[in-house]
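First listed ligand is number 1; within each ligand, the first listed atom is number 1. Along the sequence shown, residues are numbered consecutively beginning with 1.
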Amino acid sequence: MRKEKEIEVISFDMDGTLIPKDFADDFWLKKIPHLYSQKTSLPKKEARERFIEEYDEMGRDDIRWYEPEYWFSKYELEQEPREVLEKLRTKYELYDDAKEVIKKLHEKYSLIIISNGIKMFIEVGLGGFQTYFTALYSSVSDFRMSKKTPCLYREICKKLDVEPEKVIHVGDDRENDHVPAKKAGMRSYLVSRNEKNNNELNDLRELLEIL
Ligand SMILES: [Mg+2]
């Protein structure tokens, strides 16, 4: 059997992996429509429907879809996106298993984030936990790519000067995390907190047993 290379770097996705997806969803689907409704005096429901219609129409292949600055400027919202996000962050916590695992793994490995949320979401999402990470990569902010492709994962390995075989990537999305990271040559684990499936992590603490 081929001997596996010793792991040096552990990469995590952000939404749904370290922090509940509700954090970002709340920002996009509640907070922006709410500010839009305040700005225009449109009833909340109507403001929300109008925003979601435009948001969906643009679609996730357009880089602007991911950028709060674009939407704040489009709707002439006076607030600072980062301040709005930071305020919202007080309602959310990283998952308990994520906090525990980050603290343990950072003693032995370089920890990084590879997310397709913009950099601000990673920074605000991690809060004080940022100190445990050696690098934060956003496909949108750093590479102007809306999807996480094998090429992106390889590019990040190059930047870190590490062989993909020495990197583990953990994420909750098959198409953006598991498949492309594996294709790039990394060891890849899919985390699915809700279902019990073989070969998937239901809790990040299972990583501690694997390593
Ligand atoms: Mg995710």
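Among the candidates E163, E165, M186, K166, the single residue satisfying the side-chain contact (heavy atoms from CB on, under 4.5 Å) test with C157 is M186.
The side-chain tip of R60 does not point at the ring of Y66 from less than 6.0 angstrom away and within 45° of straight on.
As for D13, its N/O/S atom nearest the Mg ion (ligand 1) is the one called OD2. Per residue D172, closest N, O or S atom to the Mg ion (ligand 1): atom name OD1.
The Mg ion (ligand 1) does not have D173 among its coordinating residues (no N/O/S atom, backbone or side chain, under 2.8 Å). Distance check for D15 against the Mg ion (ligand 1): an N/O/S atom falls below 2.8 Å.
No salt bridge links K31 with D26; every basic N to acidic carboxylate O contact stays at or beyond 4.0 Å.
The closest side-chain heavy-atom distance from F27 to I32 is below 4.5 Å.
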